[in-house]
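All remarks here apply to the structure that follows.
What you see is a predicted model; the values in this text were computed from it and never measured.
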Amino acid sequence: MGNETRIKNDFGSKGWSMIIFCMLMYYNFAAWTADGINIFTQGYAKAYGWDPSVLLSFSTPANWIGVIGALVFAQIVVKKGSRFVAAVGLIAQGIISIWFGNIQSLLAYAIAISALNFFASGFGYVVPGTIMNVWFPKKKGLALGWATMGMGFCTATFVALITFSFAKLGISMTMTIVGIVLIALGVSSVFWVKDTPELAGAYPDNDPHSQEDLKKTALLMQSYKSPFTVKKLFKDKDMWLISLGYGCVWLVTIGIVSQYVVRLVSVGYSESFALSMFSTAAIFCLIGSYLWGWLDQKVGTKKASMIYVLSYIVTIILLLLEGNVILTFITAIAVGSGLAGIKNFITSLTTGTVYGRHDFAAANRLVTPIANSVRA
């Protein structure tokens, strides 16, 4: 199958269903590990009279606990599959979210934000990557391009929605609603998610073969035992190159995003203008998700990754320049376009180029935690 065929968005109705589910998972991941941190810090500080800097300081250890979550859930995915992990993780996170809305002490806040990071960084990142690679081994770049739009949607909507809800409904009611939604999504995932397309009566990449081949592949996927044990992975050069290499790029991405508004204010722009530029970046993040996925599919993950890194060098140079409004707008486009790319490439290279469909889950149980630790 050539690139011209594979670059088409013909995922099939069942494939699109999995992409939408993964989009929601990536939205959830971004909400608790990045976008929601500032609004939670400010909202709880205002409601309880706590020092916002103290609340913000809890986010660093919470991120590290999220790394442990990625390690734990990646291991469980290998043993139990994505559907099981998604259902259990979402229901547990929903229950914690409801409790988070009713805490009364700083210690409870620290425990809750850490627990939420544990689950969101765990199943919220591991599950969608696994599903996309198992369902679309040859179209993984394009499928991830659509799925990772969930993070862009989160940046564009989550802070505004939670801010509005905190003001109108209060923290307790807001987090109760969020918790109920997560629990409902967890219950629905039992019926919604299929670990492999074969179990859903579909074909990998929506590429039809004979029904006999489909049945054989389903049995193979269910009984397959990867030779990549944890011990073997620790000795594998490719695993370390992927984890540390993309982890460093991820670190740069997080550094740019977390300091973007502060940077604009420091050079003389108003906070409202800086936030409007951040919203602009969020919009172009959606476009960038698809474009990086398209490029991945078109030229291959390695070449696309090199182009991505070069584009970020240009972005950093633009950030260092103190120009006019037009240059600032161009920089916002550059920042936003690259936000979702790293999530596409680290997942895409792990499976399509190095480990393949069958060994992705086994390799990912170390790749994701190590890359996350560099980011954290």
Tell me if a side-chain donor or acceptor on Ser165 pairs with a main-chain N or O of Ile162 at a distance below 3.5 Å. no
Here the ring-ring contact (aromatic ring centres under 6.0 Å, His included) pairs for residues 160-190, sequence neighbours left out, are none
Is it the case that the side chain of Asn117 and the backbone of Ile113 share a donor-acceptor pair, with hydrogens and angles ignored and the cut-off at 3.5 Å? yes
Side chain proximity check, Ser121 to Ile65, heavy atoms < 4.5 angstrom: no
Lys/Arg cation over aromatic Phe234: Lys231, 6.0 Å, 45° cone: no
Exam field: side chain Ser189 to backbone Gly186, donor-acceptor pair closer than 3.5 Å: yes
Positive for ring-ring contact (aromatic ring centres under 6.0 Å, His included) with Tyr125, one of Phe118, Trp250, Phe73, Tyr27: Trp250
So, the side chain of Tyr44 versus the backbone of Pro52: is there a donor-acceptor pair under 3.5 Å, distance only? no
Please find the pair of heavy atoms, one from Ala74 and one from Val126, that lie closest to each other, and give the distance. CA-CG1, 3.7 Å
By the definition side-chain hydrogen bond (donor to acceptor under 3.5 Å, both in side chains), identify the one residue from Asp296, Asp207, Asn206, Asp10 that meets it with Lys139. Asp10
Any chance you could pull the hydrophobic cluster mates of Leu56, using side-chain heavy atoms under 4.5 angstrom and chaining through other members? Ile37
Does one side chain, of Ser17 or Trp192, offer a donor that lies under 3.5 Å from an acceptor on the other? yes
State whether the number of non-hydrogen atoms from other residues, nucleotides or ligands found under 6.0 Å of Leu310 atom CG is greater than 12. yes
Side chain of Asn324, backbone of Ile326: donor and acceptor closer than 3.5 Å? yes
Any heavy-atom pair between the side chains of Ser270 and Phe273 that's under 4.5 Å? yes
Spacing of Lys194 atom NZ and Arg83 atom CZ [to the nearest 0.5 Å]: 5.5 Å
Taking atom types as modelled, is there a side-chain donor on Ser172 or Asn102 under 3.5 Å from an acceptor on the other? yes
Looking just at side-chain N and O atoms, do Asp236 and Trp240 make a donor-acceptor pair shorter than 3.5 Å? no
Donor-acceptor pair, distance only, cut-off 3.5 Å: does the side chain of Gln297 make one with the backbone of Lys138? yes
Aromatic plane relationship, Tyr308 with Tyr312 - under 30° parallel, 30 to 60° tilted, over 60° perpendicular: perpendicular
With a 6.0 Å cut-off on the ring centroids, do Phe40 and Phe100 count as close? yes
State whether the side chain of Gln93 and the backbone N or O of Phe119 hold a donor-acceptor pair below 3.5 Å, judged by distance alone. no
I'd like to know if the side chain of Lys140 and the backbone of Met132 have a donor-acceptor N/O pair within less than 3.5 Å. no
